[in-house]
A.B. asks: 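Sending over a structure as structure tokens; questions will come in a sec.
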Amino acid sequence: MEKQIVLLPGDGIGQEVIESAKQVLEAVTERFHHTFTYHTHDIGGVAIDKHGTPLPEDTIRACQQSDAVLLGAVGGPKWDQNPSHLRPEKGLLGIRKQLGLFANLRPIKGFDQLLHASPLKHDVVAGSDLLIVRELTGGLYFGTPSERRNNGKEVVDTLSYQRDEIERIVDNAFQSARLRRKHLTSVDKANVLESSKVWREVVEEKKVDYPDVEVEHLLVDAAAMKLITNPKQFDVIVTENMFGDILSDEASVLTGSLGMLPSASLREDGMGLYEPVHGSAPDIAGQGVANPLATILSTALMLRHSFGLEKEAAVIEEAVQQVLEDGYCTGDLDVKGGKQVGTKEMTRLVLERV
Ligand code: ATP
Ligand code: MG
């Protein structure tokens, strides 16, 4: 298989973790005889410094012509005082919009060696393995504050969905469920929200096309509770934009290690942007101690969701699992009795197992 990959290292530890992830992708593609070509471009603070904008035209064009994008992180104290159009985050929001990414996927899987750092009881979180599929384009519409503050006495936010926006995210979630344990939980607030009633209708209509997937509906308040009392009941969760924003942060706490979480944002044709959930970690940037595993795991999502390369994705995930089982960790991970290594050594350990 031949693919064009754009790398956007961005700021802080982004540079270091992207280099690691690229090496892992290269090793996997070599093993399975695929040809991936890499193109590196600027985004965020580094792009502001070099080109005067967080999202240069050249970066947008390269991403649009690629099969997938791998992003490190953007932002840092250097640009904190910049005016709003010169904030590094504008680059990330901009590229998501330019690419028309509509589905955000966050797999939440605890690693046994790290679960003791979870605030929840071990027997509650051990074995939990779920995927949150969050709708990214509709939902609460953030217009300008002046439009929403009517005469200073009333304030209005609008939650709106096009039916086809719901249909495509629900289809996407059913397809992800098919790759996993074939259970889908649709989360809404259908007892009060009209948009949620339609959401539920769409799920009911769509499930006819996926008879092999078991479907359950849950109100968002109940879902928030069940996520921490019984996370093992979930396989794939699909939900609207803001519910997904809140639930995915809540769920990330289950694992006890934010530094291990990958994410994917997909376009309708399967093209996607992949990135670690963590930020640019300016406090440790350039020291060679950043944990590259979340970014390495993001490349596994790329192989699975953009290219349909399930076997290759599993090789990467198993290599990461194996490194932890063998007792290695980076400074941010709390592995009991673990041997602490830096970014390069951690990368080498993963490569060895790939
Ligand atoms: P952002 O606004 O970009 O999301 P943030 O302030 O939420 O940034 P991070 O940049 O993710 O947070 O960093 C939070 C803390 O976690 C920092 O102390 C950072 O050093 C640490 N951290 C984050 N990612 C990693 C990583 N990959 N390896 C090691 N430590 C990390
Ligand atoms: Mg953050």
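We count residues from 1, following the sequence as given. Please read all numbers here as calculations on a predicted model, not as lab measurements.
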A.B. asks: Would you call Leu309 and Phe32 a side-chain contact if the rule is heavy atoms closer than 4.5 Å?
C.D. replies: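 The answer is no; the side chains never approach within 4.5 Å.
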A.B. asks: So does Cys329 get a backbone contact from the side chain of Gln340, meaning a donor-acceptor N/O pair under 3.5 Å?
C.D. replies: no
A.B. asks: Apply ring pair (Phe, Tyr, Trp, His ring centres under 6.0 Å) to Phe111 and list each qualifying residue two or more places apart in sequence or on a separate chain.
C.D. replies: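 Partners of Phe111 by the ring pair (Phe, Tyr, Trp, His ring centres under 6.0 Å) criterion come out as none, since no residue qualifies.
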A.B. asks: side-chain hydrogen bond (donor to acceptor under 3.5 Å, both in side chains) with His34: which of Glu2, Glu312, Lys3?
C.D. replies: Glu312
A.B. asks: With distance as the sole test, does Ser118 use its side chain to make a donor-acceptor pair with the main-chain N or O of Leu120 at under 3.5 Å?
C.D. replies: yes
A.B. asks: Can you pull the ring-ring contact (aromatic ring centres under 6.0 Å, His included) pairs that have at least one residue in residues 204-223, sequence neighbours excluded?
C.D. replies: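 Of all non-adjacent pairs touching residues 204-223, those that pass ring-ring contact (aromatic ring centres under 6.0 Å, His included) are Phe174-Tyr210.
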A.B. asks: Restricting to non-hydrogen atoms, name the atom on Val17 and the atom on Pro292 that form the minimum distance, rounded to 0.1 Å.
C.D. replies: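 Taking every non-hydrogen atom into account, CG1-CA, 3.7 Å.
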A.B. asks: Among residues at least two apart in sequence or on other chains, which ones pass salt bridge (Lys or Arg N to Asp or Glu O under 4.0 Å) with Arg353?
C.D. replies: Asp326
A.B. asks: Is there side-chain contact between Glu352 and Leu349, with heavy atoms separated by less than 4.5 Å?
C.D. replies: yes
A.B. asks: Quick one: closest heavy-atom pair of Gly100 and Arg267, and the distance?
C.D. replies: O-CG, 3.8 Å
A.B. asks: Using a 3.5 Å distance criterion without hydrogens, assess whether the side chain of Ser306 forms a donor-acceptor pair with backbone atoms of Leu303.
C.D. replies: no
A.B. asks: Can you name the salt bridge (Lys or Arg N to Asp or Glu O under 4.0 Å) partners of Glu250, sequence neighbours left out?
C.D. replies: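 Applying salt bridge (Lys or Arg N to Asp or Glu O under 4.0 Å) to Glu250 gives none.
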A.B. asks: Do the side chains of Leu159 and Glu240 get nearer than 4.5 Å, heavy atoms only?
C.D. replies: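 Glu240 vs Leu159: side chains touch.
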A.B. asks: Applying salt bridge (Lys or Arg N to Asp or Glu O under 4.0 Å), can you list everything that pairs with Glu318, at least two apart in sequence or on another chain?
C.D. replies: none
A.B. asks: Please answer: with hydrophobic residues joined when any side-chain heavy atoms are less than 4.5 Å apart, are Leu101 and Leu131 in the same cluster?
C.D. replies: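 No; tracing contacts between hydrophobic side chains, which count when under 4.5 Å, never links both residues.
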A.B. asks: Give every residue pair that meets the side-chain hydrogen bond (donor to acceptor under 3.5 Å, both in side chains) criterion with at least one member in residues 123-139, sequence neighbours excluded.
C.D. replies: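 Non-adjacent pairs meeting side-chain hydrogen bond (donor to acceptor under 3.5 Å, both in side chains): Asp129-Arg180, Arg134-Asn241, Glu135-Thr137, Glu135-Tyr161, Thr137-Glu165, Thr137-Arg168.
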A.B. asks: Would you please say whether a donor-acceptor pair under 3.5 Å links the side chains of Gln321 and Glu325?
C.D. replies: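 Yes, a side-chain donor-acceptor pair sits under 3.5 Å.
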A.B. asks: Check Glu345 against Arg348 and note the closest heavy-atom contact, atom names and distance.
C.D. replies: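 Shortest heavy-atom separation between Glu345 and Arg348 comes out as OE2-NH2, 2.9 Å.
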A.B. asks: Would you kindly confirm whether Leu99 and Leu266 end up in one hydrophobic cluster when ILVMFWY residues are joined by side chain heavy atoms under 4.5 Å apart?
C.D. replies: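 No; Leu266 is not reachable from Leu99 via cluster members.
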A.B. asks: Do the side chains of Arg163 and Glu205 get close enough for a salt bridge, i.e. N-O under 4.0 angstrom?
C.D. replies: yes
A.B. asks: Thinking salt bridges, do Lys182 and Asp235 make one under a 4.0 Å N-O criterion?
C.D. replies: no
A.B. asks: If every non-hydrogen atom of Ala319 is compared with every non-hydrogen atom of Val354, which pair is closest and at what distance?
C.D. replies: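 Result for this residue pair: CB-CG2, 3.8 Å.
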A.B. asks: List in chain and number order the residues that pass side chain to side chain contact (heavy atoms under 4.5 Å, CB included) with Glu30, two or more places apart in sequence or in another chain; answer none if no residue qualifies.
C.D. replies: none
A.B. asks: Decide yes or no for Leu114 and Thr255: does some side-chain heavy atom of the first lie under 4.5 Å from some side-chain heavy atom of the second?
C.D. replies: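 Sidechains of Thr255 and Leu114: no contact.
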A.B. asks: Ignoring hydrogens and angles, state whether a donor on the side chain of Asn104 or Ser265 is under 3.5 Å from an acceptor on the partner side chain.
C.D. replies: yes
A.B. asks: By salt bridge (Lys or Arg N to Asp or Glu O under 4.0 Å), which residues pair with Glu154, not counting sequence neighbours?
C.D. replies: none
A.B. asks: Show which side-chain atoms of residues 185-199 pair as donor or acceptor with protein atoms under 3.5 Å away, not counting sequence neighbours.
C.D. replies:
{"from": "Thr185", "atom 1": "OG1", "to": "Glu216", "atom 2": "OE1", "distance (Å)": "2.9"}
{"from": "Ser186", "atom 1": "OG", "to": "Trp199", "atom 2": "NE1", "distance (Å)": "2.9"}
{"from": "Asp188", "atom 1": "OD1", "to": "Ala190", "atom 2": "N", "distance (Å)": "3.0"}
{"from": "Asp188", "atom 1": "OD1", "to": "Arg200", "atom 2": "NH2", "distance (Å)": "3.0"}
{"from": "Asp188", "atom 1": "OD2", "to": "Arg200", "atom 2": "NE", "distance (Å)": "2.8"}
{"from": "Lys189", "atom 1": "NZ", "to": "Asp221", "atom 2": "OD2", "distance (Å)": "3.2"}
{"from": "Ser196", "atom 1": "OG", "to": "Lys189", "atom 2": "N", "distance (Å)": "2.9"}

A.B. asks: Please determine whether salt bridge (charged side-chain N to carboxylate O under 4.0 Å, His left out) holds for the pair Arg106 and Asp245, giving the CA-CA distance in whole Å, both sets of side-chain angles, and the decisive distance to 0.1 Å.
C.D. replies: CA-CA 10 Å; Arg106 280 230 216 153; Asp245 180 26; 5.6 Å; no
A.B. asks: Side-chain donor-acceptor contacts of residues 69-88 below 3.5 Å, not counting sequence neighbours, with atom names and distances?
C.D. replies:
{"from": "Lys78", "atom 1": "NZ", "to": "Asp49", "atom 2": "OD2", "distance (Å)": "2.6"}
{"from": "Trp79", "atom 1": "NE1", "to": "Asp49", "atom 2": "OD1", "distance (Å)": "3.1"}
{"from": "Asn82", "atom 1": "ND2", "to": "Leu86", "atom 2": "O", "distance (Å)": "2.7"}

A.B. asks: So, for Pro107 and Leu261, which heavy atoms are closest and what is the spacing to 0.1 Å?
C.D. replies: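 So the minimum-distance heavy-atom pair works out to O-CD2, 3.9 Å.
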A.B. asks: Evaluate Asn230 against Val124 for side chain to side chain contact (heavy atoms under 4.5 Å, CB included), listing each step before the verdict.
C.D. replies: CA-CA 6 Å; Asn230 187 26; Val124 171; over 6 Å; no
A.B. asks: Tell me which one of Leu8, Ile43, Leu92, Asp42 satisfies side-chain contact (heavy atoms from CB on, under 4.5 Å) with Leu55.
C.D. replies: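 Among the candidates, only Ile43 passes.
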A.B. asks: Apply ring pair (Phe, Tyr, Trp, His ring centres under 6.0 Å) to Tyr328 and list each qualifying residue two or more places apart in sequence or on a separate chain.
C.D. replies: none
A.B. asks: Return the minimal non-hydrogen interatomic distance between His51 and Pro56, and the atom names on each side.
C.D. replies: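 Heavy-atom minimum between the residues: CD2-CG, 3.7 Å.
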A.B. asks: Please assess Leu105 against Ser263 for the test side chain to side chain contact (heavy atoms under 4.5 Å, CB included), listing each intermediate value before the final yes or no.
C.D. replies: CA-CA 6 Å; Leu105 274 57; Ser263 79; over 6 Å; no
A.B. asks: Distance under 6.0 Å and angle within 45° of the ring axis: does Lys22 meet both against Tyr38?
C.D. replies: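 Pair Lys22/Tyr38 counts as cation-pi.
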A.B. asks: May I have the step-by-step check of side chain to side chain contact (heavy atoms under 4.5 Å, CB included) for Ile237 and Leu218, ending in yes or no?
C.D. replies: CA-CA 10 Å; Ile237 293 177; Leu218 209 54; over 6 Å; no
A.B. asks: Any link between Ile132 and Leu301 through a network of hydrophobic side chains (Ile, Leu, Val, Met, Phe, Trp, Tyr) touching at under 4.5 Å?
C.D. replies: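 Same hydrophobic cluster.
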A.B. asks: Out of His183, Lys226, Arg181, which one pairs with Phe234 under the side-chain contact (heavy atoms from CB on, under 4.5 Å) rule?
C.D. replies: Lys226
A.B. asks: Check whether any side-chain N or O of Ser298 sits under 3.5 Å from a backbone N or O of Tyr274 as a donor-acceptor pair, and report yes or no.
C.D. replies: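 Answer holds: no.
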A.B. asks: According to a 4.5 Å side-chain heavy-atom criterion applied to Ile, Leu, Val, Met, Phe, Trp and Tyr, with indirect links allowed, do Leu227 and Leu184 form part of one hydrophobic cluster?
C.D. replies: yes
A.B. asks: Could you measure the distance from the NE2 atom of His278 to the CG atom of Leu293? Nearest 0.5 Å is fine.
C.D. replies: 9.0 Å
A.B. asks: Between the main-chain N or O of Asp11 and the side-chain N or O of Ser280, is there a donor-acceptor pair closer than 3.5 Å?
C.D. replies: no
A.B. asks: Strictly by side-chain hydrogen bond (donor to acceptor under 3.5 Å, both in side chains), give each pair with a member in residues 56-71 just once, sequence neighbours left out.
C.D. replies: His41-Asp58
A.B. asks: Find out if a path of hydrophobic residues (ILVMFWY) with successive side-chain heavy-atom gaps under 4.5 Å connects Leu140 to Leu136.
C.D. replies: no
A.B. asks: Hey, mind stepping through Gln23 and Glu19 against side-chain hydrogen bond (donor to acceptor under 3.5 Å, both in side chains) and telling me if it holds?
C.D. replies: CA-CA 6 Å; Gln23 288 176 18; Glu19 177 55 31; 2.9 Å; yes
A.B. asks: Determine, stepwise, if the pair Ile169 / Val238 fulfils side chain to side chain contact (heavy atoms under 4.5 Å, CB included).
C.D. replies: CA-CA 8 Å; Ile169 191 79; Val238 63; 4.1 Å; yes
